[in-house]
Structures are given as C-alpha cells and as structure tokens.
Amino acid sequence: MKKAMTHKGYVGTVEYNDEDDCLFGRIAGIRDIISFEGDSVAEIRKAFEEAVDDYLKHCAAVGKEPNKPYSGKFILRIDPALHAKIAAKAMASGKSLNQYATDVLAHA
C-alpha cells in the first residue's frame with residue numbers, strides 16, 4: 001500500500017538516491033520548492049515535518065502567505081457523451097455535478 005507523508009495539510013514525496021545512498025523528497029502541490037533528505041524512514045519523516053514547519057515560520061517572518069498544498073479546484077476534460085451521462089446521474093441523485101463527482105471520487 002502506497003501512502004504519502006502528510007504534515008499540517010502538506011504532502012511529502014520521497015525518492016531514493018542509490019548513488020548517494022540517501023532518501024530525499026519535496027513538498028508536493030505548491031509552487032515554492034522545499035526539499036528535505038535523510039538516511040532512514042524516521043529521519044526523512046522528521047526532515048519533512050521540519051521542512052514544513054520551517055517553511056511556515058519563514059513565511060510568517062517575512063509576511064508572505066504560504067502556498068496552500070491544493071486549491072480544491074480540479075479541472076478535468078472528458079468526452080462530451082460521458083459528461084452528459086454523469087450529469088444525468090447527478091441530476092437523478094439530486095446532486096450538483098460537482099457534488100456528485102466529489103462523492104464518486106471520494107470513494108475511488
């Protein structure tokens with residue numbers, strides 16, 4: 001089972017560098033580039049949490065609004081026939097297309 005690290009709403013991605021024999025990662029889903037590294041799972045998790053905390057402290061210190069991990073907007077391009085089919089199902093369930101899609105994706 002694949003799970004991402006999360007801390008204060010931010011998501012951390014982790015990769016392994018065979019050449020340097022270390023783990024490294026980035027905070028995903030934001031425009032600012034924040035990276036971290038460690039030699040073990042415990043170290044990389046701690047480094048990720050410290051990176052998030054340091055990022056938030058730095059933003060507060062300089063009066064900058066930190067990037068939010070995700071906006072909640074999700075643009076999806078689909079075939080018009082599928083769009084019509086989904087819209088009909090949403091209407092039949094008494095929901096907006098947005099709420100219907102959110103419910104379906106939440107269970108995926």
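Nothing here was measured: the structure is a model prediction, and the numbers come from that model. Position 1 is the first residue of the sequence, and the numbers go up from there.
Expressed to the nearest 0.5 Å, how far CD1 of Ile86 lies from CG of Leu76 amounts to 7.5 Å. Note that the CG atom of Leu56 and the OH atom of Tyr10 stand 5.0 Å from one another [nearest 0.5 Å]. Interatomic distance, CD1 of Ile44 versus CE of Met5, reported as 5.5 Å (0.5 Å rounding). For the atom pair NE2 (His7) and CZ (Phe48), the distance works out to 7.0 Å, reported to the nearest 0.5 Å. Going from atom CG of Asp79 over to atom NZ of Lys85 covers 11.0 Å, rounded to the nearest 0.5 Å.
Counting heavy atoms from C-beta outward, Val52 and Phe36 have side chains that stay 4.5 Å or more apart. For the pair Val104 and Lys89, the minimum side-chain heavy-atom distance is 4.5 Å or more. Counting heavy atoms from C-beta on, the side chains of Asn17 and Glu37 never come closer than 4.5 Å. Looking at heavy atoms from C-beta onward, Tyr55 lies out of side-chain contact with Glu50 at the 4.5 angstrom threshold. Contact of the Phe24 side chain with the Ser35 side chain is not registered, since no non-hydrogen atoms from C-beta on lie closer than 4.5 Å.
Nearest heavy-atom pair across Asp39 and Asp21 is OD1-O, 3.9 Å. When all heavy atoms of Ala51 and Ile34 are compared, the closest pair comes out as CB-CG2, 3.9 Å. Listed here is the closest heavy atom pair of Ser96 and Ala90: O-CB, 3.9 Å. The nearest pair of heavy atoms linking Ile30 to Lys68 is CG2-O, 3.6 Å. Minimum heavy-atom separation, Ala4 to Gly12: CB-O, 4.1 Å.
Summarising the local packing, CD1 of Ile33 is surrounded by 12 or fewer heavy atoms from other residues, nucleotides or ligands at distances under 6.0 Å. For NZ of Lys95, the number of neighbouring non-hydrogen atoms (other residues, nucleotides, ligands) closer than 6.0 Å is greater than 12.
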Q. Run the side chain to side chain contact (heavy atoms under 4.5 Å, CB included) check on Leu97 and His83 step by step: do they pass?
A. CA-CA 9 Å; Leu97 179 57; His83 189 169; 3.4 Å; yes

**Q.** Step-by-step side chain to side chain contact (heavy atoms under 4.5 Å, CB included) determination, Lys8 to Asp53
**A.** CA-CA 9 Å; Lys8 297 184 178 177; Asp53 293 342; 2.9 Å; yes

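Residue Leu82 is not grouped with residue Met91 when hydrophobic side chains (ILVMFWY) are merged at heavy-atom distances under 4.5 angstrom, including chains of intermediate members.
A salt bridge does not link Asp32 with Arg26: every distance from a Lys NZ or Arg NE/NH1/NH2 to an Asp or Glu carboxylate oxygen is 4.0 Å or more.
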